[in-house]
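What follows is one structure encoded as structure tokens, with my remarks underneath.
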Amino acid sequence: ADAPLTEAQLARINRTYPENHSPIRWFKYEKSDMPKDYGENHPGVIVNGTELKFNFLPVKTSDGDLEVTAEDRNMGFYSMMRLYHEWNRFDGNGVLTLLTKDEKTVKFTVGESTVLVDGKAIDAGFTFKLRDGIPVFHIKKLCDILGYPYTVKGEKVLVQAATDHEYKVL
């Protein structure tokens, strides 16, 4: 018979590491370590008046769009964009499904520039990819696909993910 598992072995199996033994170490920038372009004039995304936070800074693309990571855990990308999402980076199928506030279904597949919008194939204008297992979007093109109005103010893309009535209240 096998020996019983130790607490440490059970924790590894259940991925419930004690905080002081976590295999993940969160890196925090000190002010002196901040990238030089991070500040008031850095590229960013403002949704319904609130600037989104990213672990990976938005990157300006050659066509003037912003490449952003769709970080859901503690960053709120999907909730701010008023999207329900289904994504599992571990199951290997590479498909991200979004459901919009007006019940439009949008499916992205890793490595493809074609997306399915309510079953109809359209060109996204960018190739859907991952960064450290996190979906990466070109924010303006994503807004075009979702039907969200946006404006550009300096280095920021201002997105209206709320309805006109909701936006006035905000």
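Keep in mind that what you see is a predicted model, and the values were worked out from it rather than measured.
Counting heavy atoms from C-beta on, the side chains of Phe54 and Pro43 never come closer than 4.5 Å. Contact check for Asp63 versus Lys140: no side-chain heavy atoms found under the 4.5 Å cut-off. Residues Asp144 and Tyr150 have side chains in contact (heavy-atom distance under 4.5 Å, counting atoms from C-beta outward). A heavy-atom distance below 4.5 Å is not found between the side chains of Leu96 and Glu86. Looking only at side-chain heavy atoms (C-beta outward), Val68 and Phe77 come within less than 4.5 Å of each other. In this structure, the side chains of Val159 and Arg82 stay at 4.5 Å or more apart for every pair of heavy atoms.
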* Applying side chain to side chain contact (heavy atoms under 4.5 Å, CB included), run through Leu83 and Thr100 and close with a yes or a no. => CA-CA 5 Å; Leu83 298 169; Thr100 68; 3.8 Å; yes
* Passes side chain to side chain contact (heavy atoms under 4.5 Å, CB included), Met81 versus Ile139? Steps please. -> CA-CA 11 Å; Met81 292 291 288; Ile139 194 68; 4.1 Å; yes
* Could you please spell out the steps behind the salt bridge (Lys or Arg N to Asp or Glu O under 4.0 Å) verdict for Lys107 and Glu112? => CA-CA 11 Å; Lys107 289 189 178 196; Glu112 294 186 14; over 6 Å; no
* Between Leu52 and Val47, is a side chain to side chain contact (heavy atoms under 4.5 Å, CB included) present by the stated rule, with each step listed? -> CA-CA 7 Å; Leu52 297 181; Val47 179; 3.8 Å; yes
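Going from atom NE2 of His85 over to atom OG of Ser79 covers 9.5 Å, rounded to the nearest 0.5 Å. One distance of note links CG of Asp102 with CG of Leu146; it measures 8.5 Å at 0.5 Å rounding. In this structure, Ile122 CD1 and Ile145 CD1 are separated by 5.0 Å, a value rounded to the nearest 0.5 Å. Rounding to the nearest 0.5 Å gives a distance of 6.5 Å between CG of Leu98 and OH of Tyr78. Here the straight-line distance linking atom CD1 of Ile134 with atom CD of Glu71 works out to 4.5 Å at 0.5 Å rounding. Separating the OG1 atom in Thr69 from the CG atom in Leu130 is a distance of 11.0 Å, to the nearest 0.5 Å.
No option in Lys60, Lys141, Lys129 other than Lys129 meets the salt bridge (charged side-chain N to carboxylate O under 4.0 Å, His left out) test with Glu67. For the side-chain contact (heavy atoms from CB on, under 4.5 Å) test with His138, the passing option among Thr61, Leu66, Val59 is Thr61; the others fail.
Panel note: side chain Asp118, backbone Thr105; a donor-acceptor pair is recorded below 3.5 Å. Between the Lys101 side chain and the Ala161 main chain, a donor and an acceptor come within less than 3.5 Å of each other.
The heavy-atom pair separating Gly94 from Trp87 by the smallest distance is C-CZ3, 3.8 Å. The nearest pair of heavy atoms linking Ala121 to Thr114 is CB-CG2, 3.7 Å. The shortest non-hydrogen separation linking His42 to Lys156 is O-NZ, 3.0 Å. Residues Phe56 and Asp132 share a closest heavy-atom pair of CZ-OD2, 3.3 Å.
One hydrophobic cluster holds both Val106 and Phe126 under the rule that ILVMFWY side chains link at heavy-atom gaps under 4.5 Å.
Taking the six-membered ring for Trp and thresholds of 30 and 60 degrees, Phe108 and Phe137 have ring planes more than 60 degrees apart, a perpendicular arrangement.
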